[in-house]
Protein chains: 2
Amino acid sequence: MLKTNIEPVIDRILHVAIEVFAEYGFRDTTVREICNRANVNVASVNYYFRSKEGLYTQALAFAFHEANQLYPQDSILNKTLAPEKRLSLFIDNFLHKLMDDSHLGLHSKLITREIADPTNALNGIIATAIAPQIALLKEIIQPLLGTITDETIAHRCLLSILGQCLMFKHSRSIIDHLYPELIADDLAIKNCAEHITQFSIIALTQIAHQPKKTS
Amino acid sequence: MLKTNIEPVIDRILHVAIEVFAEYGFRDTTVREICNRANVNVASVNYYFRSKEGLYTQALAFAFHEANQLYPQDSILNKTLAPEKRLSLFIDNFLHKLMDDSHLGLHSKLITREIADPTNALNGIIATAIAPQIALLKEIIQPLLGTITDETIAHRCLLSILGQCLMFKHSRSIIDHLYPELIADDLAIKNCAEHITQFSIIALTQIAHQPKKTS
DNA sequence: ACTTGTATTAAACAATTGTTTGAAATTATA
DNA sequence: TATAATTTCAAACAATTGTTTAATACAAGT
C-alpha cells in the first residue's frame, strides 16, 4: 500500500489538527476532516489521543513548542537596548507573528480563538503562552513610564499596546473589507508595526511626564 | 393551557436567539436550546424563520434595531463640540456598550463573534453596523490630525483607537484572569475609557505635529 | 517459525441536530 | 355556527459526529 507520507502518524495528525482547529475552531472541526487530510483512519484520533478534546489539548501544546522554536525573541530580551528599540522589536515581532498567513498564523489563530471563545484549555494557555509575553512587555515599558509606579496605569497601557496589535488578528475580516491596503504585503505590515510603536511611545512618554489624576 | 409568556412567539424566539447565539456562537447553538428557553415547540423556528440560519440573520437585524434605539449617540454627533470631547464621548459610549454584561453586551458579542469568525452574514453587518461607526470616528479624529491628509495614517489611527477598545471585548477572558480590577465596576471601566481617550489624543496630536515619513 | 504486542482498518453504535410531517388545537372569517 | 386558515405539537427522519469494536495486518522478540 502506498503511504503518502513517511511522517509518523501521530505527528501527521498533530500538524493537521493545528491547521484544522485554527481554521474552524474546536466545535466546527470534525475528526473525520482531520483524518482525511492526514490520510489516517478515523479511529486513530481516539487510539492515540483518547478523544477529540485530548487531541485539541496536545495540538495546542505542540503548537506552542513549535512557535517558541521558530520565533525566538533573543534581541527583544537584550536588556542593554533602549526601551524604545525593544518596544519596536516586540511590536514588529508580535504583529508579524499574528499576520503570518502560512504556518505561524495558525498558531496565533489557535490562541486568539481560545481567548475569544475559551474552552477549558484556556488556563493552561494563559500560563504557558500569554502571561510570559505580557510580563516581557511590561518589563519593556516600565522604564518608559518613568516615575509612574501605579500598577493600574501600567496595566492599562499594556492593554492599549496589545489591543492595537491584536486588532489586526481578531478584526482581520474588517480590515480586509475596509482597508485592505494596510495589510497588503510585508512592507505594509511593517509600517503598521511602526505606527503602533510610534503611537504608543508618544503616549507612554507623555503620560510619564504628566500623569493624570489617580484612578 | 398556561402560557408562561404573553409576548408573541416570534418575538420570544428572537430575544432568546440573540441571547443564545451571543453566548455560544452560531454552530454551538442548538435550535432546541433556543426553543426550550423560549418555551416554544422545536418546529417553530423552521415554521417562522425557514431555518436556523434564517433565524440567525433576523436575530442580528433585530439586535441592531434594538441597540440603535437603546444607545443613541446624539451628543457624539453634535459637531459643535470640541473634537477631544467628542472622542471622549465616543470611546466612553463604545466601551460601555462593549462591557455591558446585561442586554447590550449580547449585541456587541454577536458582532464581535461575526468579526472574529465570519459567517456569510458579515457583509451585511459591516455595511449596517460597523462602517457607519467607523465613519463617525474618522470624522471625529480628522481635525485632531490637523494638516495630515494621508488617508493611510488616518486609517491606522482609527485601528489604534478601535483596537484599544475592542481589546476589552475579545480578550475579556485574559483581563478577567490577569487584571480583573481594571473592569471590576462601572467606575473602573470609565477610567479605562478615560485612559484610552488620553492615550489616543496625546498620540494623535503629536502625530499631527510631527508626521513621520510617508508610508 | 511462532508468539506477542502494536497499528490499522472497515463497520457499526449511540447520541445529537436541523428539519419535516401530519394531525390536533386555535384563531380568524364568512 | 360552520368553514377556512393559521398555529402548535409530538413524533419521526435523515444526516452528521465522536467513539467503540472486533477483525486483520504488521513488527519485534524469542
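Values in this document were obtained by computation on a predicted structure and should not be read as measured data. In what follows, chains carry the letters A, B, and so on, assigned in the order in which the sequence lines appear, proteins first and then strands, with residues in each chain numbered from 1.
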Answer yes when A:K190 and A:E194 have at least one side-chain N-carboxylate O distance shorter than 4.0 Å, and no when they do not. no
Would you please confirm or rule out a distance under 4.0 Å between OP1 or OP2 of C:dT8 and any side-chain N or O of A:N41? no
Any side-chain heavy atom of B:M167 within less than 4.5 Å of one from A:M167? no
Under 4.0 angstrom, heavy atoms only, what part of the nucleic acid is A:Y48 near: base, sugar-phosphate, or nothing? sugar-phosphate
B:E33 CD - C:dG18 P separation (whole Å): 11 Å
Using whole Å, report how far CG of B:N36 lies from P of D:dA10. 11 Å
With DNA chain D as reference, determine whether A:D28 or A:R50 sits nearer its 5' end, using the nearest nucleotide of each. A:D28
B:Y47 vs D:dT8: side-chain N/O to OP1/OP2 distance below 4.0 Å: no
Determine the contact category for A:S44: base if any of its heavy atoms lies under 4.0 Å from a base atom, sugar-phosphate if only primed atoms, P, OP1 or OP2 are that close, otherwise nothing. nothing
To the nearest Å, give me how far apart CD1 (A:I13) and C1' (D:dT19) are. 14 Å
Does some side-chain heavy atom of B:N191 sit less than 4.5 Å from a side-chain heavy atom of B:L187? yes
Could you pick out which residue, A:V42 or B:R32, lies toward the 5' side of DNA chain C when each is mapped onto its nearest nucleotide? A:V42
Can you tell which of C:dT19, C:dT20, D:dT8 lies closest to the side chain of B:A43? C:dT20
Measure from the side-chain heavy atoms of B:N46 and tell me the nearest of C:dT19, D:dT8, D:dT19. C:dT19
Whole Å only: how far is the NZ atom of A:K52 from the P atom of C:dA15? 18 Å
Nearest whole angstrom, please: distance from the C1' of D:dA15 to the CZ of B:R27. 12 Å
Under 4.5 Å between any side-chain heavy atoms of A:L145 and A:D150, yes or no? no
